[in-house]
Asks: 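Sharing a structure below in structure tokens format, with a few things to ask.
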Amino acid sequence: MNWKTNKMEEIIKDLLLSNATSVFGVQVDENAIQFQKTRKDVEGDLTLVIFPFVKLLKTSPAEAGEKIGRFLKERIKEIDSFEVISGFLNFTISDKFWLKQLNTVSKDAKFGFAEPNSRPTLMVEYSSPNTNKPLHLGHLRNNFLGYSVAEILKANGHKVIKTQIINDRGIHICKSMLAWEKFSPLNEKGERETPANTGLKGDKLVGNYYVRFDQEFNKEANEICNEWEKGNFDNFSEDTHAEFKRLTESKTGKDEKAIAGIDAKIKDLAKNHTSLLQEAKEMLVKWEARDPQVYLLWTTMNSWVYDGFEKTYKTMGVDFDKLYYESDTFLLGKDIVTEGLKSGVFFKKEDGSVWIDLTDEGLDEKLVLRSDGTAVYMTQDVGTAVDRFGDYKDLSGIVYTVGNEQDYHFKVLFLILEKLGFSWSDNCFHLSYGMVDLPSGKMKSREGTVVDADELMDEVVNQAEAMTQERGHIEGLSEDEKTALFRLIGMGGLKYYLLKVDPKKRMMFNPEESIELNGNTGPFIQYAHARIKSLLRKARSIGALKETAILPEEKEIIKQLVEFPTVVDEAAKNYSPALVANYSFELVKLYNTFYQSIPILIEEDDDLKNMRLVLSENVAKVLKLAMQLLGIEVPERM
RNA sequence: GGGCUCGUAGCUCAGCUGGAUAGAGCACCUCCCUUCUAAGGAGGCGGUCUCAGGUUCGAAUCCUGACGGGCUCACCA
């Protein structure tokens, strides 16, 4: 942990703070001491902003800078010189200092990483899919983000438990089940379709029936609409007839858009009267009553989905330490709500539904239990959170990796937990990330524009293969090694593409760009690593660092290396793998410039050659560590 | 309509708690493999940081308003 005090910023800051009264006449705030990178076109390695001190010293920025500069140069031997330019104090630091920094970096195999388990235990939830359809592009962003944040928190010393909540109950599950029972064709043995007899991945098979339900559901609703249009209301109530009439009449005189909206309402009305929806609802009631037949169907179809997900997760390279199922936690949620009702946190309306009043917090009233006593989403989330803190006594907080469409939900959830008196509610954080858009617009399952996760991952790996074969750096690798390499490159590219953008922001997924190898991409970073490894193999041995001169290109790399611990720290504070990606990209650019213009192996001065090898070795090391934080592997050769 | 959020180069994105002449990548145009992997490097082109006010030594960054996207306000999850 001595890297922190090693940084020149810290040395200067400490010195200024402890001598503030003699330099400035008064004590100064720590925040007044601001450093920044020295501009490229200006001489110097580090810049101190003078403006905050100008008032204190009651002189011009030039004189203030001069005074501070002189003070520091006298006391810090590593400062070679300084220069004040329009309110900025630029220091030039000695080569010896930078070599020492490089030495510090090279001594630490896990440079930038804190002592494992030295900080509180956190749970990171991610993925959390519904069990009625396969994973898609949005889940990829979610999974890569959650996994990466877990790694980043670990690197900062936290013990991390990776988890997901599996959304395995509810009407949507019943829809797939019902469609399968009703519409699956029978084979010659009289069996309905299964993953085994069709060869389909379980999640895909179940997803197909979810889609099938929706199709049949719409068909039936349309038929009902047609009957209504003809004035046939034989099988419907007076109320329904009246509602239809009211809606139809409200269309007159409206514009196209409004009419479309009304038509949608009529369709919804029809949907509510379909026999399919009725059957699905009946199935849900049976499920809640643990009807043996429905339960068997449910466990069977869910197990198909889990098998399918398992394969997808494996390809993604993500895993979980503990799984939670809503079918297990919703009951606990109901109990907690019942208790909260007694203690006055919640209140009951006449129809028996239970609510929480958040109007004092500027929010609305929120339902926590339906009038029929069944659980809603919020109920089970309360239950799950409490369950988790019960399971892990040392748990200090939970990070929920969930899309920003649920910002409101989590705001409410955390408030409810707080009102229920759980002290840990403060340590619950919604890692809210933006949606992934396609060049054609939003992904919509109804319009079939959803990008399937398995297909996309296959595609990027195939592309990686084609492009790697083209370059031809891989002769001598076995077939297995080649397959692993293509996978590593394809997945590395995809992960990097999805992680390099600030998680909070909505992002554009461009299929062509996601498999690009040039520029700010995963393969660009991987290539730099492979190239260094190749260099080190040829160098055979590396000795200890000797005192040498260092070139500007080399110094820039050392400066960037020294920043790594700060980036690891910032990435955790901001829950942002993007900071790690951007840092790595900068490091590679600096290294490539160096690599391209300065000879290494053919350098005749042994000490210089050795220093360049140490530098290269540490760039490779830090790149590998950084990519590890993103869940990306780096190759020895490519 | 209320709440939240975003708006930076042709496109995709960086720009931390306000700090020097706003940066990358892609695309487009020039160059560079008799040095270690050219999946590379050097250079060029490209911006009234959506607009209008305000705060101050200083604003892409903070505040207010407008315009334009997105999300949300379900006894859906």
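Below, chain A is the first sequence line, B the second, and so on; all start at residue 1.
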Asks: Looking at Lys500(A), does any N or O in its side chain come under 4.0 Å of the phosphate oxygens OP1/OP2 on G25(B)?
Replies: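 For G25(B), OP1/OP2 do not have a side-chain N/O of Lys500(A) under 4.0 Å.
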
Asks: Is the closest side-chain donor-acceptor distance between Tyr377(A) and Gln406(A) under 3.5 Å?
Replies: yes

Asks: Given atom CG of Leu363(A) and atom P of C73(B), what is their separation to the nearest angstrom?
Replies: 12 Å

Asks: Any idea which of C13(B), A20(B), G40(B) is nearest the Val501(A) side chain?
Replies: C13(B)

Asks: Return the 5'-most residue of the pair Thr468(A), Leu535(A) with respect to RNA chain B, ranking by each residue's nearest nucleotide.
Replies: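 Between the two, 5'-proximity favours Leu535(A).
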
Asks: Rounded to the nearest angstrom, tell me the gap between atom CD in Gln560(A) and atom P in A14(B).
Replies: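 To the nearest whole Å, that distance equals 17 Å.
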
Asks: Which nucleotide sits closest to the side chain of Val42(A): A20(B), A77(B), U72(B)?
Replies: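 The nucleotide sitting nearest to the side chain is A20(B).
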
Asks: In whole Å, I'd like the distance from the CZ atom of Phe51(A) to the C1' atom of C57(B).
Replies: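 Rounding to the nearest Å, CZ of Phe51(A) and C1' of C57(B) are 7 Å apart.
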
Asks: Is the base of G41(B) stacked against the aromatic ring of Tyr595(A), taking ring centres under 5.5 Å apart and planes under 30° as the test?
Replies: no

Asks: Evaluate the ring planes of Tyr527(A) and His473(A), with Trp represented by its six-membered ring, and classify them as parallel (under 30°), tilted (30 to 60°) or perpendicular (over 60°).
Replies: parallel

Asks: Between Glu465(A) and Lys482(A), is there a side-chain N and carboxylate O pair less than 4.0 Å apart?
Replies: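 Salt bridge absent between Glu465(A) and Lys482(A).
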
Asks: For the side chain of Lys55(A), starting at C-beta, report the closest nucleotide among C57(B), A24(B), A14(B).
Replies: C57(B)

Asks: Just compare A42(B), G19(B), A77(B) and give me whichever is closest to any side-chain atom of Gln36(A).
Replies: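 The answer is G19(B), which lies nearest to the side chain.
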
Asks: Tell me: CD of Glu553(A) to P of G41(B), nearest whole Å?
Replies: 14 Å

Asks: Between Ser534(A) and U37(B), does any side-chain N or O lie under 4.0 Å from OP1 or OP2?
Replies: yes

Asks: How would you label the glycosidic angle of C51(B): syn (within 90° of 0) or anti?
Replies: anti

Asks: For U72(B), does OP1 or OP2 lie under 4.0 Å from any side-chain N or O of Lys411(A)?
Replies: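 No, because none of the side-chain N or O atoms of Lys411(A) sits under 4.0 Å from OP1 or OP2 of U72(B).
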
Asks: OP1, OP2 of A77(B) versus side-chain N and O of His409(A): anything below 4.0 Å?
Replies: no

Asks: Aromatic rings Trp287(A) and Phe330(A): how do their planes relate, parallel, tilted or perpendicular, breaks at 30° and 60°?
Replies: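 Ring orientation of Trp287(A) relative to Phe330(A): tilted.
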
Asks: Please pick, from A24(B), C76(B), C26(B), the nucleotide with the shortest atom-to-atom distance to any side-chain atom of Arg370(A).
Replies: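 It is C76(B).
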
Asks: With a cut-off of less than 4.0 Å, is there a side-chain N or O of Arg39(A) near OP1 or OP2 of G19(B)?
Replies: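 For G19(B), OP1/OP2 do not have a side-chain N/O of Arg39(A) under 4.0 Å.
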
Asks: Is the distance from OP1 or OP2 of A39(B) to the nearest side-chain N or O of Thr521(A) less than 4.0 Å?
Replies: no

Asks: Does Asn520(A) put a side-chain nitrogen or oxygen below 4.0 Å from OP1 or OP2 of C26(B)?
Replies: no

Asks: Flag the pair Lys37(A) and Glu563(A) as a salt bridge only when some basic side-chain nitrogen lies within less than 4.0 angstrom of an acidic carboxylate oxygen.
Replies: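 Looking at Glu563(A) together with Lys37(A), the answer is no, because their closest N to O distance does not fall below 4.0 Å.
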
Asks: Does OP1 or OP2 of C36(B) have a side-chain N or O of Arg637(A) closer than 4.0 Å?
Replies: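 No, Arg637(A) has no side-chain N/O under 4.0 Å of OP1/OP2 on C36(B).
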
Asks: Among A77(B), A20(B), G19(B), which nucleotide sits nearest the side chain of Val49(A)?
Replies: G19(B)

Asks: Tell me the partner of G1(B), counting only Watson-Crick (N1-N3 plus N6-O4 or O6-N4) or G-U wobble (N1-O2 and O6-N3) with both under 3.5 Å; none if nothing fits.
Replies: C73(B)

Asks: Of Lys37(A) and Gln406(A), whose closest RNA chain B nucleotide lies nearer the 5' terminus?
Replies: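 Looking at the nearest nucleotide for each, Lys37(A) comes out on the 5' side.
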
Asks: When you compare G43(B) with G58(B), how far apart are their P atoms, in angstrom units rounded to a whole number?
Replies: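 My reading of the P atoms in G43(B) and G58(B) gives 35 Å.
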
Asks: What's the closest nucleotide to the side chain of Lys505(A) if the choices are G7(B), A77(B), A20(B)?
Replies: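 Nearest nucleotide to the side chain: G7(B).
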
Asks: Heavy atoms from C-beta onward define the side chain here; which of U21(B), A39(B), U12(B) lies closest to that of Met508(A)?
Replies: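 For the Met508(A) side chain, the nearest candidate turns out to be U12(B).
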
Asks: Considering only atom C1', compute the distance from A66(B) to U56(B) and round it to an integer number of Å.
Replies: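 24 Å, rounded to whole Å.
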
Asks: Given the structure, check if the side chain of Asn592(A) and the base of A42(B) hold any donor-acceptor pair shorter than 3.5 Å.
Replies: no

Asks: Nearest to the side chain of Ile489(A), heavy atoms from C-beta on, is which of A20(B), A39(B), G25(B)?
Replies: A39(B)

Asks: Please determine whether the number of non-hydrogen atoms from other residues, nucleotides or ligands lying under 6.0 Å from atom CZ of Arg540(A) exceeds 12.
Replies: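 Counting other residues, nucleotides and ligands, CZ of Arg540(A) stays at 12 neighbours or fewer.
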
Asks: For a quick check, tell me whether the side chain of Thr47(A) and the base of A20(B) share a donor-acceptor pair closer than 3.5 Å.
Replies: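 Donor-acceptor pair under 3.5 Å: yes.
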
Asks: Centroid distance below 5.5 Å plus an interplanar angle below 30 degrees: do Phe88(A) and A20(B) meet both conditions?
Replies: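 Yes.
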
Asks: Identify whether the distance between the nearest side-chain nitrogen and carboxylate oxygen of Arg370(A) and Asp372(A) falls below 4.0 Å.
Replies: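 Answer for the salt bridge query: no.
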
Asks: Has Tyr408(A) got a side-chain N or O lying under 4.0 Å from the OP1 or OP2 atom of U72(B)?
Replies: no

Asks: Would one find a side-chain N or O of Arg531(A) under 4.0 angstrom from OP1 or OP2 of A38(B)?
Replies: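 Yes, because at least one side-chain N or O of Arg531(A) sits under 4.0 Å from OP1 or OP2 of A38(B).
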
Asks: How many angstroms lie between atom CG of Asn592(A) and atom CD1 of Ile532(A), to the nearest 0.5 angstrom?
Replies: 8.0 Å

Asks: Nearest whole angstrom, please: distance from the C1' of C76(B) to the CG of Asp381(A).
Replies: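 My rounded result for the distance is 13 Å.
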
Asks: Which nucleotide in the set C4(B), G15(B), A14(B) lies at the smallest distance from any side-chain heavy atom of Leu579(A)?
Replies: G15(B)

